[in-house]
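The structure appears right after this line, and notes come after that.
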Amino acid sequence: QVQLVESGGGLVQPGAFLRLSCAASERTFSRYVMGWFRQAPGKEREFVGGISLSGHLTSYADSEKGRFTISRDNTKNTVYLQMHSLKPEDTAVYYCAAAESITNWKDPSEYSFWGQGTQVTVSS
């Protein structure tokens, strides 16, 4: 099983840029579809974006399209989430997830492995 560790979260002001990283424990990282999800208090876990094995295909939630960018570096066993123009409503715990195969990017149940999450707080 792959272990995932997120980092890069923190407290930022509205309009800021933040890059989250998710480091995987295995050299077989390139075998996994990767996704980013977020969950705010009292809300359901929400799909943010996903990226294919090679990184050539990506999928984003409509609400984040244009502001967030997913990328991966398989040589470093790491997937990234770049977030621009952050808003208070982006405040949540952000989770990295891995799946050997999926049929629906947005369904959390299709991802078998999850990181512990990293807190992102956007406030003035």
Side-chain angles (χ1 to χ4, degrees):
Q1 296 184 352
V2 61
Q3 293 182 237
L4 305 173
V5 180
E6 302 97 332
S7 63
L11 174 63
V12 297
Q13 294 185 332
F17 166 83
L18 204 59
R19 187 180 77 163
L20 306 183
S21 298
C22 174
S25 62
E26 297 184 357
R27 277 289 179 177
T28 55
F29 174 71
S30 62
R31 294 165 51 188
Y32 297 96
V33 175
M34 302 298 298
W36 283 97
F37 293 79
R38 66 185 183 186
Q39 188 167 23
K43 299 182 67 176
E44 297 293 325
R45 188 161 297 190
E46 176 188 22
F47 174 75
V48 176
I51 188 165
S52 64
L53 304 182
S54 66
H56 292 143
L57 294 177
T58 56
S59 179
Y60 298 95
D62 290 341
S63 60
E64 289 79 37
K65 189 176 297 182
R67 294 194 299 122
F68 291 4
T69 301
I70 292 176
S71 62
R72 68 191 295 166
D73 186 344
N74 289 342
T75 67
K76 297 181 178 179
N77 298 338
T78 302
V79 63
Y80 305 96
L81 177 65
Q82 297 183 91
M83 303 183 291
H84 295 265
S85 302
L86 284 163
K87 305 173 181 178
E89 52 263 43
D90 294 320
T91 296
V93 177
Y94 283 71
Y95 296 93
C96 177
E100 293 181 326
S101 64
I102 58 170
T103 57
N104 182 1
W105 293 97
K106 301 180 180 180
D107 186 358
S109 68
E110 297 205 34
Y111 295 80
S112 299
F113 311 106
W114 294 81
Q116 83 288 352
T118 185
Q119 178 72 49
V120 173
T121 302
V122 185
S123 176
S124 60

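These numbers come from the heavy atoms of this one structure, side chains and all, not from hydrogens, waters or symmetry mates. Nothing fancy with the numbering, it's 1 onward along the sequence.
Between H56 and S54, the shortest heavy-atom contact is ND1-OG, 3.1 Å. Across G55 and T58, no two heavy atoms sit closer than the pair O-CG2, 4.4 Å.
Distance check, rounded to the nearest 0.5 Å: CD1 of I70 to CG of L20 gives 10.5 Å. In this structure, CZ in F47 is found 10.0 Å from CG in D62, a value given to the nearest 0.5 Å. Note that the CD atom of Q119 and the CZ atom of R38 stand 12.0 Å from one another [nearest 0.5 Å]. N74 contributes atom CG, which lies 10.0 Å from atom CZ of R27 (distance to the nearest 0.5 angstrom). L86 CG to F68 CZ: the interatomic distance, rounded to the nearest 0.5 Å, is 5.5 Å. Considering CG of N77 and OG1 of T28, their distance stands at 8.0 Å, rounded to 0.5 Å.
The aromatic rings of F37 and W114 sit tilted relative to each other, their planes meeting at an angle between 30° and 60°.
In this structure, E26 contributes its side chain and Q3 its backbone to no donor-acceptor pair below 3.5 Å. Although no hydrogens or angles enter the test, the distance criterion places a donor-acceptor pair under 3.5 Å between the side chain of Y111 and the main chain of W105. When atom types are taken as modelled, the side chain of Q39 and the backbone of A92 share no donor-acceptor pair closer than 3.5 angstrom. Within the 3.5 Å criterion, the main-chain N or O of V33 finds no donor-acceptor partner in the side chain of R72. Between the side chain of Q13 and the backbone N or O of S124, no donor-acceptor pair lies under 3.5 Å.
A 6.0 Å sphere centred on CD of Q1 holds no more than 12 heavy atoms belonging to other residues, nucleotides or ligands.
When hydrophobic clusters are built by joining Ile, Leu, Val, Met, Phe, Trp and Tyr residues whose side-chain heavy atoms come closer than 4.5 Å, directly or via intermediates, V122 is grouped together with W36. In the hydrophobic clustering of ILVMFWY residues, with side-chain heavy atoms under 4.5 Å counting as a link, Y80 and I51 come out apart. Both M34 and F113 are part of a single hydrophobic cluster, where members link through side-chain heavy atoms under 4.5 Å apart.
The shortest side-chain heavy-atom distance between V93 and T118 does not fall under the 4.5 Å cut-off. Using a 4.5 Å heavy-atom threshold, the side chains of V120 and M83 count as touching. When side chains are defined from C-beta on, Y95 does not count as touching L4, because their heavy atoms never get closer than 4.5 Å. Considering only heavy atoms from C-beta on, V2 comes within 4.5 Å of S25 through its side chain.
Checked against salt bridge (charged side-chain N to carboxylate O under 4.0 Å, His left out), R45 has no partners two or more places apart in sequence or in another chain.
T103 and E110 share a side-chain donor-acceptor pair at under 3.5 Å.
Here disulfide bond (SG atoms under 2.5 Å apart) pairs that include residues 22-96, with residues two or more places apart or in two chains, are C22-C96.
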